[in-house]
Amino acid sequence: GVPCQISSSGLLLNDIRSLNLIDVTNVEVGQVLEVLRNSPYLERLELGRSPLACPSKLALKPIYLPHLMVLHLIFMPVQVSNYLLSTIRAPNCSELSISSHFPKFSEDVVREHIFTNSTNHFSPVLQKLLTGSKYRDVDVVRFDNGSIGFHLLFRDKEAGHFADHGNLRLEFKLHSVEQIEGTVRWLVGYLQPGVPKAPIRLYADGIEEFRLINVIESHWAITHFGFCLSSDPGASWPSPILAHMGQPAASGWPLPDLEVFVYAPGLQDEVMLDMLRRRYGQGSGEPNSGRLDPRPLMRVRIEPHQTQGAQLAGEVGKILPQAEISLMENYKGSIWSL
């Protein structure tokens with residue numbers, strides 16, 4: 001939207017049910033808090049992309065919003081997001097969306113700068129949203145400037161890739177794989193111990209560090225995995241992630257629950273095909289090793305390419321005659337579905 005300005009008197013609102021201040025300028029956090037205090041029946045709150053400044057002092061008392069179901073804090077300064085989450089009490093929140101650009105903080109950025117000890121009252125909400133969703137998507141993308149995007153979207157209904165809404169949506173711009181790992185460790189702190197791993201769909205673009213896959217896999221069952229090679233001319237060859245997927249450990253194969261694989265053709269197509277042969281080709285198993293074979297791959301989707309897509313799909317079909325092989329035509333729907 002187009003940024004607009006509102007005056008102080010423009011926020012003299014009481015008893016409202018929905019408040020959207022996305023792309024609004026010339027408004028202070030104190031004004032927003034005053035509106036919230038006078039709106040106990042508020043059901044939806046959206047704030048974002050506004051130059052809000054964090055007050056020098058915390059609010060004197062919490063703001064209870066028992067009817068608040070939807071809370072979106074979109075690319076706010078991390079101090080402001082933390083301030084609002086520290087002040088607002090919304091025990092019935094069922095749709096939480098937080099996005100932030102983090103400076104180059106330490107590894108545990110989320111726990112130290114947004115969901116700090118002062119926001120512990122949101123722990124039951126986070127636990128509910130993390131464990132109750134049907135579809136769980138995590139995307140990790142390395143940008144040309146070296147920063148890394150972490151995008152988590154948990155929801156009950158299937159939707160297009162990079163959908164804007166879900167039960168829980170986190171979009172963080174970070175600066176290292178270590179910060180991604182710290183974010184994952186923060187998240188899994190809300191999972192109940194001893195419960196079987198829930199399925200998750202992971203898409204990695206430009207990522208080479210397979211240890212990140214291991215961190216996620218240790219807490220969720222990766223049933224869908226999409227992989228796009230790094231465009232960096234200095235990227236490793238062979239791809240550490242493809243090599244990792246094709247090399248079993250004594251206890252079993254990496255990504256043992258994988259059912260759907262999405263791949264973007266590039267300079268390492270032969271490495272990818274070799275990985276598939278090692279995992280699923282005839283004679284890939286070792287009967288006396290005691291190692292469990294990976295789950296059979298049900299579907300492979302090849303992203304569009306001027307010349308390589310169809311030919312690569314044919315080669316994959318030779319290795320996986322029982323799997324469903326398809327070329328992706330567009331991104332209008334989920335990359336995981338036909």
Side-chain angles (χ1 to χ4, degrees), residues 1-101 110 113-130 132-133 152-157 159 163-172 190:
V2 178
C4 62
Q5 293 188 354
I6 56 177
S7 64
S8 300
S9 59
L11 272 180
L12 295 178
L13 307 171
N14 293 300
D15 213 19
I16 57 176
R17 300 299 176 98
S18 179
L19 178 61
N20 185 325
L21 293 178
I22 303 290
D23 292 320
V24 173
T25 61
N26 196 30
V27 61
E28 299 178 359
V29 173
Q31 295 174 284
V32 175
L33 295 179
E34 188 64 25
V35 173
L36 299 183
R37 291 191 190 282
N38 293 319
S39 303
Y41 296 101
L42 188 69
E43 299 173 0
R44 186 180 189 94
L45 175 60
E46 298 173 271
L47 302 170
R49 295 191 295 268
S50 303
L52 292 174
C54 188
S56 57
K57 296 182 179 180
L58 288 176
L60 296 178
K61 58 182 180 179
I63 298 176
Y64 292 93
L65 299 173
H67 299 276
L68 189 68
M69 303 295 288
V70 177
L71 176 59
H72 293 180
L73 301 179
I74 308 302
F75 290 114
M76 309 275 285
V78 291
Q79 298 89 344
V80 175
S81 293
N82 173 253
Y83 179 82
L84 292 170
L85 291 169
S86 300
T87 305
I88 295 172
R89 303 295 195 274
N92 297 309
C93 180
S94 59
E95 182 179 316
L96 179 63
S97 180
I98 309 289
S99 53
S100 289
H101 288 290
V110 180
H113 297 281
I114 289 188
F115 285 95
T116 60
N117 290 336
S118 63
T119 68
N120 283 342
H121 48 275
F122 266 98
S123 294
V125 172
L126 287 166
Q127 185 177 39
K128 175 182 65 176
L129 299 181
L130 275 169
S133 302
L152 177 145
L153 183 61
F154 284 17
R155 56 185 182 267
D156 290 328
K157 296 181 180 180
D164 289 334
H165 299 290
N167 301 11
L168 179 63
R169 181 176 183 266
L170 303 175
E171 185 175 356
F172 300 146
Y190 297 101

Side chain to side chain contact (heavy atoms under 4.5 Å, CB included) evaluation trace for E95 with R44: CA-CA 9 Å; E95 182 179 316; R44 186 180 189 94; 4.2 Å; yes

Gap between atom CG of L47 and atom CD1 of I74 - 0.5 Å precision: 9.0 Å

Distance in Å, L45 CG paired with L65 CG, rounded so as to fall on 0.5 Å steps: 7.5 Å

Minimum heavy-atom distance between F154 and L129, given as atom pair plus value: CD2-O, 4.0 Å

Check against side chain to side chain contact (heavy atoms under 4.5 Å, CB included), I16 and S39: CA-CA 6 Å; I16 57 176; S39 303; 3.4 Å; yes

Nearest-0.5 Å distance, CZ of residue F115 to OG of residue S123: 9.0 Å

Evaluation steps, side chain to side chain contact (heavy atoms under 4.5 Å, CB included), between L85 and L71: CA-CA 10 Å; L85 291 169; L71 176 59; 4.0 Å; yes

Contact summary for V125 and A90, nearest pair of heavy atoms: CG2-O, 3.6 Å

Gap separating the CD atom of E34 from the CD1 atom of I63, nearest 0.5 angstrom: 8.5 Å

Other residues, nucleotides, ligands: >12 heavy atoms within 6.0 Å of N120 CG: yes

Inter-residue atom distance L126.CG - Y190.OH, 0.5 Å rounding: 5.0 Å

Closest heavy-atom pair and its distance - M76, S81: CB-OG, 3.3 Å

Ring geometry between H101 and F75 (parallel below 30°, tilted from 30 to 60°, perpendicular above 60°): parallel

Rounded distance (nearest 0.5 Å) linking atom CD of E43 with atom CZ of R17: 5.5 Å

Shortest non-hydrogen separation from I98 to L96 and the atoms involved: CD1-CD1, 3.9 Å

Side chain proximity check, P40 to Y64, heavy atoms < 4.5 angstrom: no

Residue pair P66 / N92: nearest heavy atoms and the distance that separates them: O-ND2, 2.7 Å

I88 to H121 - nearest heavy-atom pair and separation: O-NE2, 3.1 Å

Side chain to side chain contact (heavy atoms under 4.5 Å, CB included) between L33 and L84, intermediate numbers included: CA-CA 8 Å; L33 295 179; L84 292 170; 4.0 Å; yes

N/O donor-acceptor pair under 3.5 Å between N82 side chain and I114 backbone: yes

Contact check, side chains of T119 and S86, non-hydrogen atoms, under 4.5 Å: yes

